[in-house]
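Presented below is the structure to which this report refers.
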Number of protein chains: 2
Amino acid sequence: MTEEEWTIPDVAVAVDLAVLTVRAEQLQILLVERGIEPFRGALALPGGFLASAREDIDGAAVRELAEETGLAAEDLHLEQLRTYGTPDRDPRRRVITVCYLAVVPNLPVPRAGGDADVARWVPVAEALDGPLAFDHSRIISDAVERARGKLEYTTLATAFCPAEFTVTELRRVYEIVWGEQLEPRNFHRKVTGADGFLVPTGEKTLRQGGRPAELYRRGPASLLHPALLRSRASSLEVTA
Amino acid sequence: MTEEEWTIPDVAVAVDLAVLTVRAEQLQILLVERGIEPFRGALALPGGFLASAREDIDGAAVRELAEETGLAAEDLHLEQLRTYGTPDRDPRRRVITVCYLAVVPNLPVPRAGGDADVARWVPVAEALDGPLAFDHSRIISDAVERARGKLEYTTLATAFCPAEFTVTELRRVYEIVWGEQLEPRNFHRKVTGADGFLVPTGEKTLRQGGRPAELYRRGPASLLHPALLRSRASSLEVTA
DNA sequence: GCAAAAGTGTTCGCGCTACACCCATGT
DNA sequence: ACATGGGTGTAGCGCGAACACTTTTGC
């Protein structure tokens with residue numbers, strides 16, 4: 001911060017959201033079909049420019065999320081992912097975008113909000129297959145990678161679940177996001193043993209066949225001790 | 001990205017650097033004394049605004065790092081940390097800053113570069129004690145927390161070491177950054193056993209007493225399997 | 001009673017911990 | 001020879017993997 005103020009170039013700042021959920025036994029992401037150029041008609045992450053020069057960037061993320069999904073900041077996980085600022089990422093002008101990772105449960109899907117764009121859930125595998133607007137393919141990869149990693153050492157998985165959920169539902173989240181099978185017995189022991197992860201409600205599910213399952217709520221812990229490790233990590237991080 | 005272009009507020013974009021190293025048996029950070037208002041005379045992270053509307057943000061980080069330390073992008077670790085954009089963080093005007101974490105070895109200290117500000121190393125504990133410019137206290141906390149966490153599951157520790165180093169030097173990095181003692185025998189076994197972490201050079205140190213130590217170079221791996229875990233994690237992450 | 005799904009007990013083996021010991025060099 | 005620091009061997013134990021078994025419901 002040594003330059004004088006009149007030498008500072010102005011830049012447009014956007015906020016984009018990678019909203020993940022588990023639906024229909026698949027990891028899915030919320031995408032919108034762009035109504036304007038560039039990339040008109042292509043799928044893109046929901047997002048937008050700062051509403052005013054005084055809007056907080058975290059606040060802008062919360063606002064966009066509410067506009068696209070109708071969800072408030074409670075009952076969902078929202079964290080900053082990364083900022084993308086390659087000079088040519090938007091052909092119109094210089095734009096840098098601060099991206100956020102959001103994780104929401106499946107059930108509440110009143111996403112057809114007041115926005116003109118039509119938002120819809122797309123399986124991540126399918127989204128990464130087809131072409132996307134801007135560098136959003138890269139952003140989705142980073143978001144999924146972050147979510148996969150955080151399942152190991154945080155309680156992020158509960159953000160994919162409704163307020164009350166069973167151990168088996170939680171295990172399905174891990175299996176679907178990681179793409180690998182887990183031992184039901186060992187998983188059950190680990191998550192019920194991890195301090196502050198799950199709080200039993202005492203209630204049971206109404207089932208159509210089979211033994212009713214215990215219902216749990218998320219506990220106060222946000223970090224897992226010990227961690228819930230995958231058999232093998234597949235990430236490779238490119239830095240700078 | 002649904003708004004029209006003429007509604008987009010312009011924002012000044014800065015890049016700040018949290019450059020960490022281990023010096024004199026302490027974790028230290030590179031700080032500059034501010035020469036202008038606001039916070040004139042206070043210590044701050046090195047950084048500055050984008051040099052032009054077309055400069056890449058990662059490129060700006062590399063440029064600033066070279067200006068402040070004389071170090072090139074090779075032989076150091078540089079990764080994006082987080083973007084800070086609270087509306088009031090700079091009293092002059094709206095500024096958001098994209099922050100980077102850099103890790104450099106101790107020896108090369110030709111930091112008195114061409115910049116007018118005087119950069120110097122400050123122990124992290126001391127830096128977090130005194131008042132710092134802007135929200136840089138928070139940024140330093142985040143940077144240190146990130147570095148501590150990454151030592152566990154990546155080969156980041158080698159970035160604190162010179163090109164050739166001994167196992168004991170590497171262990172000192174872990175002990176100083178984590179602030180806890182490690183068992184020399186078990187540490188030695190783990191790091192020499194981790195595939196791609198260390199490459200033996202065949203050379204030995206010249207010592208003034210005691211058995212000469214084997215010298216190693218960093219290996220090609222960037223992720224550790226299995227991880228090198230601390231006894232207890234102390235982080236608590238605040239999200240959004 | 002049978003099917004379906006949830007929850008439990010127990011062994012096996014790997015990996016980490018802890019600690020004692022040996023090796024190579026300078027003085 | 002001895003001090004100094006680097007490297008090594010090994011027993012014990014705790015945790016996770018694997019697998020078979022019991023419990024509780026609907027039909």
Side-chain angles (χ1 to χ4, degrees), chain A residues 25 151-153 157 161-162 164-176 178-195 197-217 223-233, chain B residues 25 151-153 157-158 161-162 164-176 178 180-195 197-217 223-233:
Chain A
E25 302 285 293
L151 287 196
E152 289 194 322
Y153 59 96
C161 298
E164 299 197 346
F165 53 91
T166 69
V167 172
T168 300
E169 284 167 2
L170 186 65
R171 178 165 51 83
R172 291 300 297 151
V173 168
Y174 276 92
E175 292 178 335
I176 290 164
W178 282 351
E180 67 182 58
Q181 295 278 111
L182 298 176
E183 284 293 321
R185 172 64 183 121
N186 298 327
F187 182 84
H188 192 284
R189 193 199 336 270
K190 272 192 258 192
V191 297
T192 55
D195 202 56
F197 194 5
L198 301 182
V199 177
T201 64
E203 302 295 311
K204 293 180 194 299
T205 52
L206 288 328
R207 293 224 135 269
Q208 66 288 2
R211 174 175 174 173
E214 297 283 344
L215 282 170
Y216 294 88
R217 235 180 273 278
L223 262 52
L224 283 184
H225 292 291
L228 210 63
L229 298 173
R230 283 175 282 186
S231 43
R232 262 207 162 284
Chain B
E25 302 285 294
L151 286 196
E152 289 193 321
Y153 60 94
T158 59
C161 298
E164 300 198 343
F165 54 91
T166 69
V167 171
T168 299
E169 285 167 2
L170 185 65
R171 178 166 50 83
R172 291 301 297 151
V173 168
Y174 275 92
E175 291 178 336
I176 290 165
W178 282 351
E180 67 182 59
Q181 295 278 110
L182 297 176
E183 284 291 323
R185 172 65 182 118
N186 298 329
F187 182 84
H188 193 283
R189 194 198 337 269
K190 272 193 257 191
V191 297
T192 54
D195 203 54
F197 194 4
L198 301 182
V199 177
T201 64
E203 302 296 309
K204 292 180 195 298
T205 52
L206 289 331
R207 294 220 135 269
Q208 67 287 1
R211 174 175 174 174
E214 298 282 343
L215 282 171
Y216 294 87
R217 234 180 275 277
L223 262 53
L224 283 184
H225 292 293
L228 210 62
L229 298 173
R230 283 175 283 186
S231 42
R232 263 207 162 283

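In what follows, chains are A, B, ... by sequence order, proteins preceding strands, each numbered from 1. Worth saying up front: this structure is predicted, and the values here are computed from it rather than measured.
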Touch class at under 4.0 angstrom, heavy-atom based, for A/T166 against every strand present: nothing
Sugar-phosphate only, base, or nothing, as touched by B/T168 at under 4.0 Å among non-hydrogen atoms: sugar-phosphate
Partner set under salt bridge (Lys or Arg N to Asp or Glu O under 4.0 Å) for A/E169, not counting sequence neighbours: none
Contacts of B/E203 that satisfy salt bridge (Lys or Arg N to Asp or Glu O under 4.0 Å) - sequence neighbours left out: none
Point-to-point distance, once rounded to the nearest 0.5 Å, from CG of B/L229 to CG of B/L151: 12.0 Å
Distance (rounded to the nearest 0.5 Å) between A/L228 CG and A/W178 CH2: 5.0 Å
A/E183 or B/V167, whichever maps to the more 5' nucleotide of DNA chain D: B/V167
Whichever of B/R185 and A/N186 has its nearest DNA chain D nucleotide further upstream toward 5': B/R185
Contacts of B/E164 that satisfy side chain to side chain donor-acceptor pair (under 3.5 Å) - sequence neighbours left out: B/R217
Partners passing side chain to side chain donor-acceptor pair (under 3.5 Å) against B/R185 (at least two apart in sequence or in another chain): none
Residue whose closest nucleotide on DNA chain C lies nearer the 5' end, B/K204 versus B/P226: B/P226
5'-most by nearest nucleotide on DNA chain C - B/P212 or B/R189: B/R189
Opening and closing nucleotides of DNA chain C in contact with chain A, under 4.0 Å to non-hydrogen atoms: C/dA4 to C/dT10
Shortest non-hydrogen contact from A/R171 toward A/P184: NE-CA, 3.7 Å
Where chain A begins and ends its contact with DNA chain D, read 5' to 3' at 4.0 Å from heavy atoms: D/dG16 to D/dG26
A/T192 side chain reached by A/Y216 side chain, heavy atoms, under 4.5 Å: yes
